[in-house]
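To start, the structure under review is shown below, and the notes come after it.
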Amino acid sequence: MLAVAPALAACSPEAAPPARADAPVIVPGAPGQSGSGPARSPAEAGPVAADVRFAEAMIPHHRQALEMAGLAAARTGDPLVTAVADRVADGQRPEIAVMESWLRSLGRTPPPAHDHGTGDHGMSGYGMASEEDLTRLRTARGRAFDTLFLTLMIRHHEGAVGMAAQELRRGRDRAMRAMAQDVVSGQQIEIARMRGIQRRLASP
């Protein structure tokens, strides 16, 4: 399991400077010690605010992908679409577990199950399907489902790649940066596969 240094409790509002996206999470010294040791450069620092925002936004983003993927089995007859849905479930469910564990190790509560990315995470809305989109997907069957599913999932994956690119630019935590790199590489491959299926569906 990826180990992450715990965050120091927040200071009082009067004493706290404005938060910065690249501000490191300070690791306190052991009881009885006067401080936390020599200051580390941002590149050597532990988690920063951007890392936390990434995890807190990506968890509900992945959950919606799982929700869409879970609709496929009863609505498509295309084995390629089924395979896409299975890969989404197999890849993103364990990533959610890693991010939830990482947040808990910082003393933070992961986003609740009903959070679909509409909270103030700084990355919400990246390719997320609307409730209207999801209703249409739930009622579609066969080729109509396949077409809509691929359209929504491609957009969803593109949003995840954008979120991960932000983490790679601003984040400092090794675990979250590795997660972001996996999202970029893995979901770009899936986007290419889904576009190939779209072309096949569009052909006479």
Side-chain angles (χ1 to χ4, degrees), residues 1-31 33-67 91-130 155-188:
M1 181 174 291
L2 300 169
V4 183
L8 181 65
C11 300
S12 66
E14 293 78 13
R20 303 197 327 271
D22 60 350
V25 175
I26 305 300
V27 181
Q33 292 182 350
S34 58
S36 59
R40 295 176 293 180
S41 69
E44 299 171 324
V48 297
D51 298 311
V52 173
R53 284 200 301 271
F54 171 71
E56 290 183 338
M58 191 61 84
I59 288 170
H61 198 273
H62 272 17
R63 284 175 180 158
Q64 189 182 75
L66 292 180
E67 180 181 355
Q92 298 195 23
R93 188 172 287 114
E95 288 180 346
I96 291 172
V98 169
M99 289 184 286
E100 288 178 335
S101 177
W102 183 85
L103 286 170
R104 291 189 186 100
S105 75
L106 296 179
R108 299 183 70 89
T109 302
H114 65 267
D115 184 343
H116 293 295
T118 57
D120 184 18
H121 302 308
M123 297 183 185
S124 59
Y126 277 66
M128 295 288 283
S130 67
R155 189 177 72 192
H156 206 268
H157 276 31
E158 288 172 340
V161 170
M163 293 165 67
Q166 279 197 25
E167 166 63 13
L168 292 172
R169 287 194 300 270
R170 301 175 183 177
R172 294 290 182 270
D173 181 79
R174 287 184 180 182
M176 290 302 101
R177 287 176 58 82
M179 176 76 68
Q181 188 58 63
D182 286 347
V183 167
V184 170
S185 58
Q187 298 208 12
Q188 284 180 332

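For the pair G162 and Y126, the tightest heavy-atom approach, listed with the atom from each and the gap, is C-CE2, 4.0 Å. The shortest non-hydrogen separation linking A164 to A180 is CB-O, 3.4 Å. Summarising the geometry of D51 relative to G171, their closest heavy-atom pair is OD1-CA, 3.1 Å, with the distance given to 0.1 Å. Of all non-hydrogen atoms in R63 and P112, the two that sit nearest each other are NH1-O, 2.7 Å. Here the shortest heavy-atom pairing between L106 and P47 reads CD2-CG, 4.0 Å.
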| task | Output, in order, the C-alpha distance, side-chain angles, deciding distance and verdict of side-chain contact (heavy atoms from CB on, under 4.5 Å) for T109 and L103. | result | CA-CA 7 Å; T109 302; L103 286 170; over 6 Å; no
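Between M163 atom CE and M58 atom CE the span is 4.0 Å, to the nearest 0.5 Å. With rounding to the nearest 0.5 Å, the separation of CG in L66 from CZ in R93 is 5.0 Å.
Contact check for Q187 versus H156: no side-chain heavy atoms found under the 4.5 Å cut-off. Residues M99 and H62 are in side-chain contact: their nearest non-hydrogen atoms beyond the backbone lie under 4.5 Å apart. In this structure, the side chains of R104 and P110 come closer than 4.5 Å at one or more pairs of heavy atoms. Taking the side chain as every heavy atom from C-beta outward, E56 and R108 approach each other to under 4.5 Å. In this structure the side chain of F54 never reaches within 4.5 angstrom of the side chain of D173, judged on heavy atoms. At least one side-chain heavy atom of E95 sits less than 4.5 Å from a side-chain heavy atom of V183.
Sorted by first and then second residue, the salt bridge (Lys or Arg N to Asp or Glu O under 4.0 Å) pairs involving residues 176-188 (not counting sequence neighbours) form an empty list.
In this structure, Q64 contributes its side chain and A129 its backbone to a donor-acceptor pair below 3.5 Å.
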